[in-house]
Amino acid sequence: MRVAFGNDHAGYPMRQYVMDVLAQLGCEVIDCGTAAPEPVDFPDIAQAVCKEVLSGRAERGLLVCGTGVGAAIAANKVPGIRAAVCHDVHSAHQCVEHDDVNVMCLGAQIVGPWLAADLIRAFLQARFRAEPEFVRRVAKLAALERRLAGERAT
Ligand SMILES: O=C(CO)[C@H](O)[C@H](O)COP(=O)(O)O
């Protein structure tokens, strides 16, 4: 699987570890930075990761900031992205199975390396379960997004 990965400076301490986990899982990584510890703004990194997912170059996106929260807020502003902060393994797979989440966000200040590896594995191995209620709800999310975009434009 091709995964777009990005971290801000607060996620930087976990960066190499996450890269190693992705490599162990056999993923091809599209590196959206930052590769240096100097401060960057998570909305910029989130935008770069989301662009790769929306273009189809990456099947999933993974973002690491301090808490995962800012990255998720930013990613969810991008139409077509369904992002979630997941700090427990159940959410990490159910968010894909039920909600078709395409970007997972982690907090490097919140989870340790072992849990992070489990979360990444659970997220990447999960597949959307195209059952009627899940398909209907995800379609409603897309409809909501379109409606709100239309309202903002008027
Ligand atoms: O977690 C985050 C957003 O949710 C950021 O990583 C965090 O706010 C960065 O903070 P600072 O610039 O003080 O290192």
Side-chain angles (χ1 to χ4, degrees), residues 1-37 40 42-142 145:
M1 179 183 282
R2 250 193 330 269
V3 176
F5 169 57
N7 58 275
D8 73 353
H9 55 287
Y12 178 77
M14 199 174 260
R15 173 183 165 82
Q16 190 54 53
Y17 180 77
V18 170
M19 292 277 206
D20 292 346
V21 169
L22 290 171
Q24 279 162 19
L25 291 171
C27 297
E28 191 184 320
V29 178
I30 300 174
D31 182 5
C32 297
T34 180
V40 291
F42 61 79
D44 300 332
I45 302 292
Q47 198 182 344
V49 164
C50 293
K51 191 174 167 191
E52 296 301 324
V53 174
L54 290 176
S55 71
R57 286 188 290 272
E59 289 157 75
R60 301 272 174 90
L62 182 60
L63 282 162
V64 183
C65 67
T67 61
V69 173
I73 293 171
N76 277 315
K77 302 280 183 207
V78 180
I81 293 297
R82 291 170 299 281
V85 183
C86 295
H87 288 157
D88 68 273
V89 171
H90 183 71
S91 302
H93 63 82
Q94 190 185 291
C95 73
V96 177
E97 293 159 355
H98 289 208
D99 310 324
D100 206 11
V101 159
N102 47 14
V103 174
M104 185 173 76
C105 305
L106 299 180
Q109 296 162 347
I110 310 298
V111 294
W114 293 106
L115 178 55
D118 288 348
L119 294 166
I120 293 166
R121 190 179 313 106
F123 171 63
L124 295 180
Q125 289 178 350
R127 297 291 176 271
F128 180 58
R129 280 168 37 194
E131 294 164 24
E133 69 269 36
F134 303 143
V135 170
R136 184 179 66 245
R137 291 166 193 156
V138 172
K140 284 189 178 184
L141 292 175
E145 195 171 76

Report yes if some heavy atom in the side chain of Asn7 is under 4.5 Å from a heavy atom in the side chain of Met14; otherwise report no. no
Does a donor on one side chain and an acceptor on the other come within less than 3.5 Å for Asp20 and Gln16? yes
Treating His98 as the side-chain partner and Phe134 as the backbone partner, does any N or O pair qualify as donor plus acceptor under 3.5 Å? no
Listed once per pair and sorted, the salt bridge (Lys or Arg N to Asp or Glu O under 4.0 Å) pairs that draw on residues 50-75, sequence neighbours left out: Glu52-Arg57
Counting only heavy atoms not in Glu145 (residues, nucleotides, ligands), do more than 12 fall under 6.0 Å from its CD? yes
Using a 4.5 Å cut-off on heavy atoms from C-beta on, say whether the side chain of Leu124 contacts that of Leu22. yes
Taking the side chain from Asp31 and the backbone from Met19, do they hold a donor-acceptor pair closer than 3.5 Å? no
Side-chain heavy atoms of Ile120 within contact of Leu106, under 4.5 Å: yes
Keeping Asp8 on the side-chain end and Val40 on the backbone end, is there a donor-acceptor pair under 3.5 Å? no
Is it the case that the side chain of His87 and the backbone of Gly107 share a donor-acceptor pair, with hydrogens and angles ignored and the cut-off at 3.5 Å? yes
Let me see the working for Phe123 and Val101 under side chain to side chain contact (heavy atoms under 4.5 Å, CB included), right down to the final yes or no. CA-CA 9 Å; Phe123 171 63; Val101 159; 3.9 Å; yes
Test Val85 against Ile110 for side chain to side chain contact (heavy atoms under 4.5 Å, CB included), laying out the working first. CA-CA 11 Å; Val85 183; Ile110 310 298; over 6 Å; no
Interatomic distance, Cys32 atom SG to Asp44 atom CG [nearest 0.5 angstrom]: 12.0 Å
